[in-house]
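Predicted, not measured: the structure shown is a model, and the values here were computed from it. All values below come from the heavy atoms of this structure, side chains included, with hydrogens, waters and symmetry mates left out.
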Amino acid sequence: MAVLFGIVAIVGVLSWAIVKSDEMSGMGRKVVRGSFRHPHGRLVAVHCDSMPEESLYRHRLLKRVPVITSIIALLVAAAGLVMEANGVVTGVVIVDVLMSGVPVVLLAGECILRLPKPSQKFSVYILVAFAGLLLATACSMLASALGGSEPDFLVTVSRTVSSVAGCALGCALAAAAVRELAVFKRRFEDGYESQIALSPHAAVYKAYRELMVGKKAWESGRKED
């Protein structure tokens with residue numbers, strides 16, 4: 001699990017850096033047109049066809065629990081544990097795979113599919129997967145600590161089940177923290193246009209709102225007074 005945890009962390013940092021660089025394009029006092037950070041110059045106008053509705057965290061959490069993949073993972077865990085108890089080597093392999101954190105690939109994937117379309121981004125997937133691995137590791141360590149005096153197989157059962165459950169819960173908690181993104185159309189000073197999906201948590205969200213223009217002004221290319 002430590003190797004997978006490290007890979008996800010590195011990919012997450014790189015994804016975050018790329019996303020933040022794109023969000024900041026055209027923003028700030030020192031905007032140099034044609035530069036790596038600001039290839040199209042200053043951001044001059046923004047438009048959003050429909051702003052997302054607000055919802056409570058607990059409501060989002062209930063909608064984003066990875067039910068299907070959690071059941072599948074627990075069923076596979078049960079099968080692996082039964083085989084291990086009966087001396088089947090395949091069961092040991094299955095249990096080791098489950099405790100290595102591999103189920104996070106499916107669990108985080110289901111959480112992402114439960115998010116609104118604009119939020120289904122790779123950077124969000126990495127964030128959700130990282131949270132799943134983090135809680136899975138914590139639950140597995142806790143199960144080991146609490147079951148120290150128990151037979152080895154019972155500890156294995158406890159660690160396997162708690163790892164899967166912790167991973168599912170961690171993914172769900174992180175996915176629920178992702179608020180629905182607003183899809184902004186943006187126009188730069190050289191006339192280039194693109195779209196970007198921003199969370200209300202984003203540092204530039206307020207700045208984008210301040211640059212917003214109405215539909216007519218956007219289509220005509222003129223900012224409303």
If every non-hydrogen atom of [X] is compared with every non-hydrogen atom of [Y], which pair is closest and at what distance?
X	Y	result
Ala131	Ala174	CB-CB, 3.4 Å
Phe188	Ser25	CE2-O, 3.5 Å
Val178	Arg60	O-NE, 4.1 Å
Leu107	Pro66	O-CB, 3.6 Å
Arg64	Cys111	O-SG, 3.3 Å
Ala172	Leu61	O-CD1, 3.6 Å

Residues in side chain to side chain contact (heavy atoms under 4.5 Å, CB included) with Val46, at least two apart? Leu43, Phe184, Arg186, Tyr208, Leu211, Met212
Within residues 107-123 or reaching into it, pairs that qualify as side chain to side chain donor-acceptor pair (under 3.5 Å) - sequence neighbours excluded: Thr69-Glu110, Glu110-Arg114
Which distance, rounded to the nearest 0.5 Å, do you find between the [atom1] of [X] and the [atom2] of [Y]?
X	Y	atom1	atom2	answer
Leu81	Leu154	CG	CG	10.5 Å
Cys167	Leu134	SG	CG	10.5 Å
Leu173	Tyr57	CG	OH	4.0 Å
Leu169	Cys139	CG	SG	7.0 Å
Leu142	Leu146	CG	CG	4.5 Å
Ser100	Leu133	OG	CG	9.0 Å

Among the clusters formed by ILVMFWY side chains lying less than 4.5 Å apart, do [X] and [Y] turn up in the same one?
X	Y	answer
Val105	Leu75	no
Val95	Val102	no
Val31	Tyr192	no
Val97	Val164	no
Val128	Val104	yes

[X] side chain to [Y] backbone, donor-acceptor under 3.5 Å:
X	Y	value
Ser162	Ser158	yes
Arg187	Trp218	yes
His38	Arg33	no

Can Lys215 and Asp49 be counted as an ion pair, charged N to O under 4.0 angstrom? no
With heavy-atom distances below 4.5 Å as the criterion, would you say the side chains of [X] and [Y] are in contact?
X	Y	result
Arg159	Val155	yes
Val124	Ile112	yes
Asp22	Ile18	no
Leu198	Val204	yes

So with a 6.0 Å cut-off around CD1 of Ile68, is the heavy-atom count from everything else above 12?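 No, not enclosed.
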Of all residues at least two apart in sequence or in a different chain, which pass the salt bridge (charged side-chain N to carboxylate O under 4.0 Å, His left out) check with Arg179? Glu54
Could you go through the salt bridge (charged side-chain N to carboxylate O under 4.0 Å, His left out) check for Glu189 and Arg42 one step at a time? CA-CA 5 Å; Glu189 65 174 300; Arg42 188 171 298 280; 5.4 Å; no
Can you say whether the rings of Tyr125 and Phe122 are parallel (under 30°), tilted (30 to 60°) or perpendicular (over 60°)?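 Ring orientation, 0 to 90° scale: parallel.
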